[in-house]
Amino acid sequence: MKTLEQIAAELQGYDPHALPADTVGAFLERLVQPLAQTETVSLAQALDRVLARDVLSPMDVPPHDNAAMDGYALRGADLRPAEPTRLRVLGACYAGQQGWGAPVPPGACVRIMTGAVMPAGCDTVVPVEFVADGGDGTITVPAGVVRPGDHRRLRGEDLAAGRPALHAGQRLGPAALGLLASLGLPEVTVTRRARVAYFSTGDEVLSLGEPWRPGAIYDSNRHTLTALLRRLGVEVLDLGVVRDDPAALEAALRQAAAQADAVVTSGGVSMGEADHTKAVMRRLGDVVFWRIAMRPGRPMAVGQLEGQGRATLLFGLPGNPVAAMVTFLMFVRPALLRLMGAQAAAPIPLRARSAEPMRKKPGRTEYQRGIVTRAADGSLQVRTTGQQGSGVLRSMVEANGLIVLHHDQGDVAPGDEVDVLMFEGLI
Ligand code: AMP
Ligand code: MG
């Protein structure tokens, strides 16, 4: 068995003291294997769950040729190319009816509503607004307003029976749920929910309800991180605040490893920490401690603890509130999606013009809190929220996205385009 340090050492550019952010992602992609267990849930329970297997369509969608417009169903061959075409109206067919009885003969047509089954013999719908009603049971279709085959939806044109409607690894959003419903499928097989334990560490960290005392701060990470976890659709085990005390840390990590697929902690992993988190983590599992070439962020621990049946993933995030959120979004979020079987592509950044200069040293990735707005000329522009200290949680509230200044990138001049990962869809 290779240790995590050995696996990491095989990655390009591996340097535990200045690890490129991209390398962390590549490492986690190798480390995290999807959960094997699945469950079958009703569509009402399936939002944001990850499809465990391909879903093959049990039927053609739409199930029959039907009208795409309100109008008259007719035989395309009856249309005269250069002159008006007069047709006899046999009657009307409505959505929900099984169809028109006998085939429509040449020279005739049927009034039809959107979604109604096309009568046999008809292959074209002329929209009602193009037609002159003779008032005598006939209509006249002017030349050139429709071509044969127009305004008709073909059976199976969305999806043919037996074809994959959805693929394993897809996270089910509203459109996918609608598609499953359109196939008549009341339930769906998804990967089981991951169980993720969380605790904050630090002697200075107070829980809500505790009276404030000098030297103490309230625990914000517990609320930002458990909220981010809930957004991912995982089952959260909130283990509260754990003191910088080896016995308490060991007990919390053991409890997390026994109950969860992954444990996320904050605090206690930075260089020169007075606390004991690192020593205890090392004792209970195979853990690497990194300084990542990023800002905010930097210290992070990744490991595997002896769990029940399978190893429990460990993500030891920095204590600084912004650093904890950013490292969660950049590394833990994709890792947990992968754990739940999601084949999620990385979020796509948008490009916006920087409204201000930004100092940036090549050799690390920076995530500045940005506010994207639309400029007077319609283009997107972005400014920072100001002070970018990794403890300034307010900056995450004011921002609507993260400006990503890439590893090799240098200073940004006003007007330069930069990548921004919008929070909508990410957080
Ligand atoms: P650490 O990573 O433990 O060295 O903590 C870095 C900074 O983040 C310190 O200023 C801590 O007080 C602060 N911090 C640690 N944990 C939390 C937390 N749960 N909520 C808010 N701030 C925290
Ligand atoms: Mg600490």
Side-chain angles (χ1 to χ4, degrees), residues 16-19 21 24 196-230 236-253 255-256 262-284 287-303 314-333 364 366-367 369 385 387-399 427:
H17 302 293
L19 191 61
V24 178
V196 182
Y198 171 79
F199 62 84
S200 304
T201 69
D203 285 340
E204 77 282 28
V205 178
L206 295 178
S207 291
L208 295 179
E210 290 187 85
W212 186 79
R213 55 179 160 74
I217 52 163
Y218 282 109
D219 183 359
S220 57
N221 292 345
R222 178 178 178 186
H223 296 274
T224 53
L225 293 172
T226 55
L228 286 167
L229 286 168
R230 288 203 301 273
V236 183
L237 303 171
D238 181 351
L239 304 183
V241 181
V242 176
R243 302 275 146 244
D244 286 325
D245 159 63
L249 281 168
E250 176 164 348
L253 282 171
Q255 186 189 350
V263 50
V264 177
T265 68
S266 80
V269 292
S270 51
M271 294 283 166
E273 263 282 334
D275 52 31
H276 317 275
T277 321
K278 284 199 272 191
V280 176
M281 285 179 175
R282 220 177 243 126
R283 194 139 46 77
L284 295 189
V287 185
V288 281
F289 296 91
W290 291 328
R291 281 170 69 109
I292 302 169
M294 68 188 283
R295 209 152 106 161
R298 288 256 285 230
M300 181 167 148
V302 173
L314 167 70
F315 300 96
L317 306 185
N320 267 314
V322 181
M325 285 190 84
V326 169
T327 48
F328 181 94
L329 291 171
M330 294 305 129
F331 309 129
V332 182
R333 181 180 186 274
R364 69 176 181 216
E366 288 191 14
Y367 302 90
R369 275 69 74 206
T385 53
Q387 229 264 74
Q388 296 291 302
S390 61
V392 187
L393 193 52
R394 190 168 45 83
S395 69
M396 286 295 281
V397 178
E398 286 170 4
I427 282 193

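Indexing begins at 1, ligand by ligand and atom by atom, following the structure's order.
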Student: Taking side chain as C-beta onward, heavy atoms only, is Val302 less than 4.5 Å from Val287?
Tutor: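 They are not in side-chain contact.
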Student: What's the separation between atom CD in Glu204 and atom CZ in Arg213, rounded to the nearest 0.5 Å?
Tutor: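 The CD atom of Glu204 sits 9.0 Å away from the CZ atom of Arg213.
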Student: Please classify the Ser220 to ligand 1 contact at 4.0 Å (heavy-atom distances, strictly less than): side chain, backbone, both or neither.
Tutor: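 Within the 4.0 Å criterion, Ser220 contacts ligand 1 through backbone and side-chain atoms alike.
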Student: From the options Pro321, Ala324, Gly319, select the one whose nearest heavy atom is closest to atom 8 (O) of ligand 1.
Tutor: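 Looking at heavy atoms only, the winner is Gly319.
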Student: If I apply the N/O under 3.5 Å rule, does Ser270 come out as touching ligand 1?
Tutor: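 It does: an N or O of Ser270 is found under 3.5 Å from an N or O of ligand 1.
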Student: Do any nitrogen or oxygen atoms of Pro318 lie less than 3.5 angstrom from nitrogen or oxygen atoms of ligand 1?
Tutor: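 In fact, backbone or side chain, Pro318 has no N or O that close.
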Student: Go through ligand 1 atom by atom and flag the ones less than 4.0 Å from a non-hydrogen atom of Tyr218.
Tutor: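 This gives 20 (N), 21 (C) as the contact atoms.
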Student: Nearest 0.5 Å please: distance from the CE atom of Met325 over to the CE atom of Met330.
Tutor: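 Nearest 0.5 Å value for the CE-CE distance: 10.5 Å.
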Student: With a 4.5 Å cut-off on side-chain heavy atoms, are Val280 and Leu253 touching?
Tutor: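 The answer is yes; the side chains approach within 4.5 Å.
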Student: Going by the atom numbers of ligand 1, which of them fall below 4.0 Å from some non-hydrogen atom of Gly268?
Tutor: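 Contacts of ligand 1 toward Gly268, numbered from 1: 1 (P), 2 (O), 3 (O).
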Student: What atoms in ligand 1 come closer than 4.0 Å to a heavy atom of Ser200?
Tutor: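 Reading through ligand 1 atom by atom, the close ones are 19 (N).
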Student: Is the shortest side-chain N to carboxylate O distance from Glu398 to Arg369 below 4.0 Å?
Tutor: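 No, no charged N to carboxylate O under 4.0 Å.
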Student: Does any part of the side chain of Met396, heavy atoms only, come nearer than 4.5 Å to the side chain of Thr224, both counted from C-beta?
Tutor: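 Of all side-chain heavy-atom pairs linking Met396 with Thr224, none is under 4.5 Å.
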Student: Are Glu204 and ligand 1 in contact, using a heavy-atom cut-off of under 4.0 Å?
Tutor: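 In this structure, Glu204 qualifies as a contact of ligand 1 - some heavy atom is under 4.0 Å.
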Student: Consider side-chain contact (heavy atoms from CB on, under 4.5 Å). Of Asp219, Leu206, Asp203, which one does Val241 pass it with?
Tutor: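 Exactly one option meets the side-chain contact (heavy atoms from CB on, under 4.5 Å) with Val241, and it is Asp219.
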Student: Against heavy atoms of Asp219, which atoms of ligand 1 measure under 4.0 Å?
Tutor: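 Within the 4.0 Å cut-off of Asp219, ligand 1 contributes 18 (C), 19 (N), 20 (N).
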Student: Counting only heavy atoms, which portion of Ile217 has something under 4.0 Å from ligand 1: side chain, backbone, both, or neither?
Tutor: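 For Ile217, the contact with ligand 1 is made by the side chain alone.
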Student: Regarding atom 7 (C) of ligand 1: of the candidates Asn221, Thr224, Asn320, Asp244, which has the closest heavy atom?
Tutor: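 Heavy atom nearest to atom 7 (C) of ligand 1 belongs to Asn320.
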Student: To the nearest 0.5 Å, tell me how far Phe289 CZ sits from Arg282 CZ.
Tutor: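 If we round to the nearest 0.5 Å, Phe289:CZ and Arg282:CZ are 4.5 Å apart.
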